[in-house]
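Everything below concerns the one structure shown next.
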Amino acid sequence: MCTSKNAEKDVPDSVAWRAAAVGGEWGLMLFPYTLRRDTHRGHIVWIAESCFLIGCYGIGVTTEEAIRDLEFKESRGLAYTKQLRIPPV
């Protein structure tokens, strides 16, 4: 469930709201997301999952990598829905 929390203080299973300026270090996140740690074949991975865009998630070895992956997928997904003329969320 998505609620407003500070991800920097409690990274696992917390919600982060990123509102950096366009072109900033992290880009622009439009929706809140959950950030959790998991294991895959004995390796720790981080998963950033959008709270509003169902099925939109990013995976990385670090939290930053997972967030960047989610940012990229979020922007590509929104661009694709715009191209198909699907109304925004």
Side-chain angles (χ1 to χ4, degrees):
M1 178 170 202
C2 287
T3 57
S4 181
K5 289 183 182 176
N6 186 345
E8 299 300 322
K9 291 181 182 174
D10 183 24
V11 174
D13 299 321
S14 63
V15 173
W17 297 76
R18 191 167 298 281
V22 174
E25 182 182 347
W26 293 103
L28 178 66
M29 289 297 294
L30 300 176
F31 302 104
Y33 58 93
T34 59
L35 189 59
R36 63 186 169 89
R37 186 174 58 188
D38 204 348
T39 56
H40 178 70
R41 296 184 182 177
H43 299 283
I44 294 174
V45 294
W46 290 92
I47 301 168
E49 188 172 1
S50 176
C51 293
F52 293 115
L53 301 176
I54 306 301
C56 187
Y57 60 90
I59 299 174
V61 176
T62 64
T63 57
E64 293 83 9
E65 199 174 286
I67 293 167
R68 278 194 301 263
D69 189 37
L70 175 61
E71 288 173 345
F72 173 76
K73 290 175 179 175
E74 179 186 88
S75 66
R76 298 295 297 167
L78 292 174
Y80 186 64
T81 57
K82 184 177 180 181
Q83 181 183 4
L84 294 178
R85 298 175 193 237
I86 298 172
V89 176

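All values below were derived from every heavy atom in this structure, side-chain atoms included, with hydrogens, water molecules and symmetry-related copies excluded.
Closest heavy-atom contact between Leu53 and Glu74: CD1-CG, 3.7 Å. Residue Ala66 comes nearest to Ala48 through the heavy atom pair O-CB, 3.8 Å, listed as atom of the first residue, atom of the second, then distance. Between Thr62 and Glu65, the shortest heavy-atom distance links the atoms OG1-N, 3.1 Å.
To the nearest 0.5 Å, the span separating OG1 on Thr63 from CZ on Arg68 amounts to 9.0 Å. Taking OG1 of Thr39 as the start and CZ of Arg41 as the end, the distance is 12.0 Å to the nearest 0.5 Å. To the nearest 0.5 angstrom, Glu49 atom CD is 8.0 Å from Ile54 atom CD1. Interatomic distance, Leu70 CG to Trp46 CH2, rounded to the nearest 0.5 Å: 14.5 Å. Taken to the nearest 0.5 Å, the CD atom of Glu71 stands 11.0 Å off from the SG atom of Cys56.
Transitive grouping of hydrophobic side chains (ILVMFWY, heavy atoms separated by less than 4.5 Å) brings Ile86 and Tyr80 into a common cluster.
Legend: residues meeting side-chain contact (heavy atoms from CB on, under 4.5 Å) with Ser75, ordered by chain and number and at least two apart, are absent.
The other residues sharing a hydrophobic cluster with Ile59 are Val45, Ile47, Tyr57, where clustering joins ILVMFWY side chains under 4.5 Å apart.
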